[in-house]
Number of protein chains: 2
Amino acid sequence: MVDPTPFLDALARAGLRLTAPRRALAQLIADQAGHFSAADLVAESQARSLGIGRATIFRTLDALSGLGVVERIDLPSGEHAYVGCAPTHHHHVVCSRCGRTAQIDDAGLRTVVREVAQRTGYRVDEHKLELFGLCPACLPAAPFPLQRPA
Amino acid sequence: MVDPTPFLDALARAGLRLTAPRRALAQLIADQAGHFSAADLVAESQARSLGIGRATIFRTLDALSGLGVVERIDLPSGEHAYVGCAPTHHHHVVCSRCGRTAQIDDAGLRTVVREVAQRTGYRVDEHKLELFGLCPACLPAAPFPLQRPA
DNA sequence: GCCATACTGAGACTCAGTCGCATCACGCCC
DNA sequence: GGGCGTGATGCGACTGAGTCTCAGTATGGC
């Protein structure tokens with residue numbers, strides 16, 4: 001993604017202002033190839049001399065993730081990262097080498113959730129599935145799994 | 001769980017020493033009804049005047065999670081928490097009200113993972129599924145979903 | 001019982017994320 | 001086009017989780 005308009009559209013549709021820092025950040029996020037952290041954006045904005053405050057970056061990420069156009073993911077390392085995405089219910093496969101992500105829809109998870117609910121007696125209100133591995137581009141370079149296969 | 005021996009066994013089997021702080025922490029963790037944070041253990045150990053340092057608590061949690069008898073989960077709020085569990089591949093359903101967790105095995109997720117791999121072309125090496133909702137005990141008290149149903 | 005060494009507590013440190021506040025500028029309205 | 005209310009901003013101080021270092025301690029193999 002290199003086009004920042006989805007982010008700006010989402011802000012506008014939510015009645016939020018399209019300020020210069022937000023436009024710049026939308027572009028910055030759109031330019032990210034894979035997942036990125038708040039710190040990445042801070043560094044990048046400093047590198048490009050955008051003059052955007054740290055707090056503003058966190059606030060904007062917060063706003064965008066509230067709108068569903070940016071999602072926060074928890075990497076296996078325990079770090080937090082963000083990815084730009086469509087505001088629909090979905091999950092991510094994350095490449096552990098290049099950080100690129102692919103969006104996936106339900107993919108049969110609904111059945112799993114229903115089964116878990118039946119077995120445990122819990123009412124499941126929310127779920128989070130994250131998959132980690134290697135993207136097609138990185139696969140040839142690393143023929144052996146880095147972690148236990150899932 | 002009120003019996004700390006699984007934690008101690010795991011430490012011993014890994015060739016780690018069974019020190020007084022580790023025994024005390026194993027008991028503390030065994031006493032937890034639901035999920036707990038490192039900060040909870042710090043507070044509890046201060047309350048019980050166990051004299052265990054913060055660093056030791058983090059180190060012990062690290063060791064136990066490395067052995068698979070304690071697992072780190074990411075709550076929807078973004079906080080980290082830990083749960084005691086069996087050292088086998090599994091996932092958790094977490095009660096958003098009382099924090100109690102239930103352990104679930106594959107439950108058909110293997111099929112989902114295989115399908116995702118096929119659709120995206122990624123090789124999936126690792127996955128993480130977390131489910132949040134209400135446990136059977138808390139269900140009667142809260143008839144309506146707090147979050148969007150999954 | 002001895003001893004190598006794994007483990008410990010204390011406290012300083014780092015780093016992500018938050019908060020308060022004075023100032024700025026977006027965008028609605030005239 | 002200009003005025004104005006208010007949402008957004010930057011700054012910098014703050015918080016809290018987690019890490020690191022280091023000297024001292026105690027475990028458990030012999």
Side-chain angles (χ1 to χ4, degrees), chain A residues 4 7-29 35-67 70-83, chain B residues 7-29 35-67 70-82:
Chain A
F7 303 116
L8 301 174
D9 281 355
L11 289 169
R13 234 175 296 120
L16 299 170
R17 291 187 181 169
L18 295 182
T19 64
R22 286 183 176 168
R23 285 173 201 278
L25 277 173
Q27 185 60 62
L28 223 48
I29 293 172
H35 56 68
F36 56 90
S37 64
D40 290 341
L41 295 188
V42 172
E44 188 85 4
S45 103
Q46 274 173 346
R48 298 196 194 178
S49 309
L50 298 178
I52 303 175
R54 241 162 51 85
T56 300
I57 290 176
F58 281 102
R59 281 186 287 232
T60 305
L61 278 173
D62 221 46
L64 290 174
S65 70
L67 297 172
V70 152
E71 195 165 328
R72 184 168 154 166
I73 57 178
D74 299 294
L75 302 180
S77 60
E79 295 166 297
H80 291 150
Y82 296 86
V83 275
Chain B
F7 304 117
L8 300 173
D9 281 357
L11 289 169
R13 232 176 297 120
L16 299 172
R17 292 187 181 168
L18 296 182
T19 63
R22 283 181 179 170
R23 286 173 200 278
L25 277 173
Q27 185 60 63
L28 222 49
I29 293 172
H35 54 70
F36 55 92
S37 65
D40 290 340
L41 295 187
V42 172
E44 188 85 4
S45 103
Q46 276 174 345
R48 298 195 194 178
S49 308
L50 299 177
I52 303 174
R54 240 161 53 85
T56 300
I57 290 176
F58 279 103
R59 280 186 289 233
T60 305
L61 277 173
D62 222 46
L64 291 174
S65 71
L67 298 172
V70 151
E71 194 165 326
R72 183 167 154 165
I73 57 178
D74 299 293
L75 302 181
S77 60
E79 293 167 297
H80 291 150
Y82 297 86

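Letters go in sequence order (proteins before strands), and every chain restarts at 1.
- Counting distance only, with no hydrogens placed and no angle test, the side-chain atoms of B:Arg17 and the base atoms of C:dA6 include a donor-acceptor pair under 3.5 Å.
- Panel note: side chain A:Asp62, backbone A:Arg59; no donor-acceptor pair is recorded below 3.5 Å.
- The minimum heavy-atom distance between B:Ile57 and B:Ser45, with the atom names listed, is CD1-OG, 4.1 Å.
- Nearest nucleotide to the A:Arg54 side chain, out of C:dG27, C:dG9, C:dT18: C:dT18.
- For the pair B:Leu75 CG and D:dA17 C1', the interatomic distance rounds to 14 Å; values are reported in whole Å.
- For A:Arg59, whose side chain is taken as the heavy atoms from C-beta onward, the closest listed nucleotide among D:dC11, D:dG18, D:dG5 is D:dC11.
- Contact annotation for B:Gly51: backbone-only contact, meaning every heavy-atom pair under 4.0 Å involves sugar-phosphate atoms and none involves a base.
- The CG-P distance, from B:Leu8 to C:dC7, rounds to 14 Å in whole Å.
- The distance between atom CG of A:Leu25 and atom P of D:dT9, rounded to the nearest whole Å, is 8 Å.
- No donor-acceptor distance shorter than 3.5 angstrom exists from the side chain of B:Arg72 to the backbone of B:His80, with no hydrogens or angles considered.
- With the nearest nucleotide of DNA chain D identified for both B:Asp62 and B:Leu16, B:Asp62 has the one nearer the 5' end.
- Regarding A:Leu50, its CG atom lies at a distance of 14 Å from the C1' atom of D:dT9, rounded to whole Å.
- Here the shortest heavy-atom pairing between B:Leu41 and B:Leu28 reads O-CD2, 3.9 Å.
- Looking at residues two or more places apart in sequence or on another chain, you find a side-chain contact (heavy atoms from CB on, under 4.5 Å) between A:Glu71 and A:Val83, A:Cys85, A:His90, A:His92.
- Looking at every heavy atom in both residues, A:Arg22 comes nearest to A:Leu8 through O-CD2, 4.2 Å.
- Near DNA chain D, defined here as any heavy-atom distance below 4.0 Å, the residues from residues 35-44 of chain B are B:Ala38, B:Ala39, listed numerically.
- Rounded to whole angstrom, the span from the CD1 atom of B:Ile52 across to the P atom of C:dT8 amounts to 9 Å.
- Rounding to whole angstrom units, CD1 of residue A:Ile57 and P of C:dC15 are separated by 17 Å.
- Partners of A:Glu79 under the side chain to side chain donor-acceptor pair (under 3.5 Å) rule, at least two apart in sequence or in another chain, are A:Ser77.
- Put simply, CZ on A:Arg72 is 10 Å from C1' on C:dA16, counting in whole angstrom units.
- Between the CG atom of A:Leu11 and the P atom of C:dC26 there is a distance of 14 Å, rounded to whole Å.
- Each of A:Ala55 and B:Thr19 was matched to the nucleotide of DNA chain D holding its nearest heavy atom; the match closer to the 5' end belongs to A:Ala55.
- For C:dC7, the OP1/OP2 oxygens have a side-chain nitrogen or oxygen of B:Arg22 closer than 4.0 Å.
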